[in-house]
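Source: prediction; values computed, not measured. Just so you know, ligand 1 is whichever comes first in the structure, and atom 1 is the first atom listed for that ligand.
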Amino acid sequence: MHLINFKDLTGQQLMEIIDKSIEVKRNPEKYRNALDGKSLAMIFQKTSTRTRVSFEVAMTQLGGHALYIDWRTTNFTMADIYDETQYLSRNVDCIMARLKRNADLQGMAEASRVPVINGCDEKYHPSQAIADLMAMKEKKSTLEGVKLVYIGIYNNVCNSLVEGCTKTGVKITTVTPIFNEPSRDEELLENARKTGLYETTLNVKEAVKDADFVYTDTWIDMEFFLDPKYAEEKEKRIKLMMPYQINKELLKESNAYVMHDMPIHRGYEISPDVIESSKSIIYEQSENRLYSAKAILLKLLGKY
Ligand code: CP
């Protein structure tokens with residue numbers, strides 16, 4: 001079993017991982033030796049703080065071991081991904097990869113003898129969405145009927161939220177004036193629409209009024225944020241997206257908790273006063289990456 005997105009998981013299986021994340025958070029000692037002697041290879045083509053730290057610490061706290069592998073320092077750069085993954089999967093028990101292209105991640109999963117976890121590609125970010133759903137369940141005790149409004153660019157994080165929410169009974173509304181085309185997955189959107197839980201609008205003020213959670217993400221993908229070649233597109237996006245910034249004015253008639261998957265670009269997609277407000281659960285949400293990483297590893301390694 002791999003975790004590339006949520007397509008192969010039923011809603012019930014996804015709920016089990018969310019509930020296990022909460023249970024692991026409450027009872028860390030119970031899982032202290034659960035992955036004794038197991039190794040996780042973590043391979044990164046892109047930068048990361050949370051995904052790297054959470055999975056590495058998760059393995060240590062479960063009694064196992066994680067290897068951080070910078071793609072650029074390996075022979076993945078010059079060889080076929082199939083051959084390199086064949087080798088890698090004969091030495092470790094699980095692979096977590098943050099690759100630029102979902103097609104490469106799919107190739108890795110096909111070649112691997114051990115489970116492969118998507119650590120975020122251009123289409124999906126499933127481990128993030130599990131931590132997000134966990135944070136929501138902690139706040140509301142249930143996910144059934146809860147309403148999340150995602151405001152920003154329609155991207156990989158948004159895909160996994162749409163898929164994760166609609167599989168677990170959460171109503172999700174997207175307010176996304178720009179669609180990041182590399183993230184497009186029509187099948188995922190069609191499946192979400194069929195549930196009746198997914199809708200999209202550009203009326204941001206109306207959308208947030210009855211929201212339980214309001215969520216945003218960066219307007220610029222991480223690999224482009226500091227790239228001078230992307231400067232013009234960045235300026236264009238900032239101008240178009242500024243009316244959709246999450247700030248005190250937008251939330252004045254809303255009682256929603258505020259979420260962000262981080263890294264945050266203060267003053268762009270969200271204002272600093274909202275990040276630090278009592279309704280912000282952003283840091284709890286990011287802390288939950290650790291517990292959800294543990295639950296994902298335990299699931300894929302057959303421990304529940
Ligand atoms: N949210 C998230 O995936 O953070 P990193 O990019 O720092 O891993």
Side-chain angles (χ1 to χ4, degrees), residues 3-6 17-18 21 25 40-61 66-72 94-102 104-105 116-136 138 148 150-165 180 182-183 213-227 230 246 257-266 268-270 274-275 280-297:
L3 185 68
I4 306 299
N5 47 45
F6 297 138
I17 301 175
I18 296 160
S21 307
K25 181 176 182 177
L40 170 73
M42 308 192 303
I43 187 152
F44 285 86
Q45 267 185 340
K46 300 198 277 181
T47 56
S48 169
T49 305
R50 278 144 292 276
T51 306
R52 176 187 175 174
V53 171
S54 60
F55 275 93
E56 187 162 341
V57 173
M59 280 305 283
T60 302
Q61 292 187 359
L67 309 79
Y68 172 74
I69 306 170
D70 181 337
W71 178 275
R72 293 167 303 176
C94 191
I95 297 170
M96 190 274 287
R98 171 167 285 189
L99 304 188
K100 290 179 186 164
R101 290 174 0 109
N102 178 260
D104 286 339
L105 196 81
V116 173
I117 300 166
N118 184 353
C120 188
D121 58 29
E122 87 283 20
K123 286 194 183 299
Y124 316 108
H125 198 355
S127 64
Q128 178 66 52
I130 292 171
D132 300 339
L133 290 162
M134 174 189 175
M136 291 161 66
E138 285 182 313
L148 177 128
Y150 175 93
I151 304 167
I153 308 282
Y154 194 105
N155 61 10
N156 45 6
V157 169
C158 191
N159 258 345
S160 289
L161 281 172
V162 167
E163 197 175 32
C165 285
N180 223 23
S183 307
F213 297 91
V214 170
Y215 193 124
T216 191
D217 186 16
T218 182
W219 294 336
I220 319 286
D221 278 354
M222 62 177 77
E223 63 265 48
F224 302 126
F225 201 82
L226 301 173
D227 184 349
Y230 203 77
I246 295 188
Y257 290 109
V258 176
M259 302 178 74
H260 190 307
D261 57 309
M262 303 179 82
I264 299 168
H265 300 108
R266 283 174 172 251
Y268 292 96
E269 68 270 12
I270 189 165
V274 170
I275 299 165
S280 167
I281 59 165
I282 294 170
Y283 303 130
E284 290 163 73
Q285 175 191 357
S286 63
E287 181 189 332
N288 281 350
R289 292 294 305 274
L290 172 62
Y291 316 114
S292 56
K294 287 185 185 182
I296 292 166
L297 289 163

* To do: Would you please test N159 and N5 for side chain to side chain contact (heavy atoms under 4.5 Å, CB included) and show each step?
  => CA-CA 9 Å; N159 258 345; N5 47 45; over 6 Å; no
* Asked: In this structure, are over 12 heavy atoms from other groups packed under 6.0 Å from K25 atom NZ?
  ->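 Atom NZ in K25 is crowded, with more than 12 foreign heavy atoms closer than 6.0 Å.
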* With a cut-off of 6.0 Å (strictly less than), are more than 12 heavy atoms of other residues, nucleotides or ligands near OH of Y230? ->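 Yes, OH of Y230 has more than 12 neighbouring heavy atoms, counting only those of other groups under 6.0 Å.
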* Structure fact -> Going by the 4.0 angstrom heavy-atom rule, the piece of M262 near ligand 1 is backbone
Which ligand 1 atoms are under 4.0 Å away from a heavy-atom of [X]?
X: R289; result: 1 (N), 2 (C), 3 (O)
X: T49; result: 5 (P), 7 (O), 8 (O)
X: H125; result: 2 (C), 3 (O)

* To do: Give yes or no for whether the N/O distance cutoff of 3.5 Å, strictly under, is met between S48 and ligand 1.
  =>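 S48 vs ligand 1: N/O contact under 3.5 Å present.
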* Asked: Quick one: does R50 get an N or O within less than 3.5 Å of an N or O on ligand 1?
  -> yes
* To do: Before accepting this row, confirm whether a basic side-chain N of the pair R72/D70 lies closer than 4.0 Å to the acidic partner's carboxylate O.
  => yes
* Is there a side-chain contact between T51 and M96 (heavy atoms, below 4.5 Å)? -> yes
* Can K46 be said to touch ligand 1, with heavy atoms closer than 4.0 Å? ->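 K46 does not count as a contact of ligand 1 under the 4.0 Å cut-off.
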* Structure fact -> Between S183 and the options N102, N155, V157, the side-chain contact (heavy atoms from CB on, under 4.5 Å) test singles out N155
